[in-house]
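Quick notes on the structure that follows.
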There are 2 protein chains.
Amino acid sequence: MVKSDLLECPMEPPSLRERRRDAILDAAEALFLEQGYDRTSLAEIVKLSGGSLATLYDLFGNKQGLLHAIASRWGNEARCQPAGCMAMADLSNAELLRGYAHRQCDRMRSPRAVALMRMLVSESLRDRDFALQIYRDLHIPAVEELSALFAEWAAAGEAEIDDPEAAAKLLLSIVIGDSMLHTLAGLEDEWLDADQLDWRLQPFLSHFKIG
Amino acid sequence: MVKSDLLECPMEPPSLRERRRDAILDAAEALFLEQGYDRTSLAEIVKLSGGSLATLYDLFGNKQGLLHAIASRWGNEARCQPAGCMAMADLSNAELLRGYAHRQCDRMRSPRAVALMRMLVSESLRDRDFALQIYRDLHIPAVEELSALFAEWAAAGEAEIDDPEAAAKLLLSIVIGDSMLHTLAGLEDEWLDADQLDWRLQPFLSHFKIG
DNA sequence: ATCGCCATGTAATTTATATTACAGAAAAGC
DNA sequence: GCTTTTCTGTAATATAAATTACATGGCGAT
């Protein structure tokens with residue numbers, strides 16, 4: 001029995017099956033994001049990934065299984081890179097927040113994130129679990145990270161934030177805001193540039209006394 | 001020739017053909033919004049609207065033509081009700097804006113608006129024109145209306161708003177914000193209640209000196 | 001080397017749905 | 001009332017895609 005038991009982490013050369021699996025996931029993800037789930041056929045996926053339809057069915061059961069596998073891979077990725085954004089440079093809190101806003105904005109405007117959000121919305125009717133999973137991975141970590149930061153500042157008397165979570169959501173709204181609909185509608189990028197972003201942050205910073 | 005010439009506005013009893021047309025549009029709109037475009041079959045539409053497939057094709061050419069007809073009807077509706085929101089009651093500007101925000105929020109959370117946005121996003125890859133048209137009807141009027149109001153206030157010295165359009169977009173971002181993604185993801189309603197909304201508006205009001 | 005497992009490629013099957021064709025029914029115009 | 005035009009129901013056609021079946025070939029283990 002060379003069958004890999006649970007938790008066999010130490011890098012082995014990935015088996016053919018595993019490489020196939022990854023290749024299919026890669027291809028499917030690329031095509032789904034580019035064209036949407038409905039309009040991507042399994043044949044197309046297999047043509048891009050190599051391998052065969054039969055293996056795909058063997059690995060994932062059916063088309064929806066493939067979708068779930070992709071979502072779950074996204075979840076793992078997201079959990080592995082905890083957005084380590086808050087480098088402890090010797091910046092003021094306001095500077096720190098500005099930097100964070102810029103990064104968050106960049107992250108949201110990346111073609112992959114845009115495609116992902118579009119897919120989240122498109123498939124939310126078909127498959128509630130899928131949508132929920134993506135939403136959690138995509139949005140909730142950002143809120144939590146920011147909440148924690150605000151709570152810290154408030155505790156240290158560096159800001160007057162009564163409700164850190166609400167403040168975090170407000171900040172994200174300010175940053176992402178109406179650009180999202182614009183982008184999701186497939187229109188040309190019209191995201192906020194650095195100046196606009198700073199301008200938007202001013203009311204927030206002064207209201208919460210973030211210096 | 002009793003054929004109706006252009007601009008024959010005065011109410012005539014709508015012909016059978018027109019009633020059929022409307023019925024089909026109603027049915028298609030309802031089903032598209034509920035299930036999405038891809039997953040709604042023309043047979044289903046006709047079953048709901050009455051009439052026959054042949055008439056549908058005669059009226060709209062094909063499925064995409066039907067979609068365009070729906071979009072264009074939305075456009076007309078939007079143009080006909082110019083969101084007459086700013087009743088000139090004897091309220092302070094801040095009160096006025098609060099009221100506007102609440103109404104805007106209600107409008108965005110209506111099932112029809114949600115379904116419409118979801119559809120806008122889903123179909124944006126397939127049909128750029130369709131997405132563009134909906135986006136314009138849905139979002140741009142709100143921005144313009146608000147911009148005009150802010151410009152007025154600024155001119156009258158009732159607020160310190162240097163860039164009315166940017167301010168309008170910021171306000172909409174604050175109001176709609178992250179609830180939108182949440183709702184579009186098909187999750188339970190978690191829109192802002194009146195208190196939260198007021199709380200969010202405070203930084204905005206004080207920053208722009210809106211009293 | 002050889003046996004058996006598994007992936008592959010191809011093709012059959014099934015299903016769903018857009019689109020077209022057509023014959024009968026209803027309505028509109030005179 | 002008669003004729004012509006327009007709708008309706010049904011069914012044919014076409015196409016696309018998911019899913020399944022199967023025969024073949026390669027690769028690893030004994």
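Naming: A, B, ... by sequence-line order, numbering from 1 per chain. All values below were derived from every heavy atom in this structure, side-chain atoms included, with hydrogens, water molecules and symmetry-related copies excluded.
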Does the side chain of B:R109 pick up a donor-acceptor pair with the side chain of B:S179 at under 3.5 Å?
no

Between A:A54 and A:R39, who's closer to the 5' end of DNA chain D by nearest nucleotide?
A:R39

Would you mind classifying the nucleic acid contact of B:G50 as base, sugar-phosphate or nothing, using non-hydrogen atoms under 4.0 angstrom?
nothing

Among the candidates D:dA21, C:dA21, C:dA18, find the nucleotide nearest to the side-chain atoms of B:K63.
C:dA18

Between D:dA17 atom P and A:K47 atom NZ, what is the distance in whole Å?
10 Å

Is B:D26 salt-bridged to B:R73, cutoff N-O under 4.0 Å?
yes

Find the distance A:E18:CD to C:dC6:P and express it as a whole number of Å.
14 Å

So if I take every side-chain heavy atom of A:D58 and compare against D:dT19, D:dA17, C:dA7, which nucleotide ends up nearest?
C:dA7

Would you kindly give the OH-to-P distance between B:Y57 and D:dT6, to the nearest whole Å?
21 Å

Rounding to a whole Å, what distance do you find between B:R21:CZ and D:dT6:P?
16 Å

Nearest whole angstrom, please: distance from the C1' of D:dC22 to the CG of A:L53.
14 Å

The side chain of B:S52 lies closest to which of these nucleotides: D:dA18, D:dG9, C:dG9?
D:dG9

Rounded interatomic separation in angstrom, taking CG from A:L42 and C1' from D:dT19
9 Å

Could you walk me through whether A:E29 and A:R112 pass salt bridge (charged side-chain N to carboxylate O under 4.0 Å, His left out), step by step?
CA-CA 10 Å; A:E29 177 180 320; A:R112 189 155 184 270; 2.6 Å; yes

Donor-acceptor contact below 3.5 Å, side chain B:E145 vs main chain B:A142:
no

I'd like to know if the side chain of A:K63 and the backbone of A:Y37 have a donor-acceptor N/O pair within less than 3.5 Å.
yes

Return the value, rounded to whole Å, for the distance between atom CD1 of B:I45 and atom C1' of C:dT19.
14 Å

When rounded to whole Å, the CG to C1' distance for the pair A:D38 and C:dT15 reads 15 Å

Check every atom of C:dT19, C:dA7, D:dT8 against the side chain of A:R20 and return the nucleotide holding the closest atom.
C:dA7

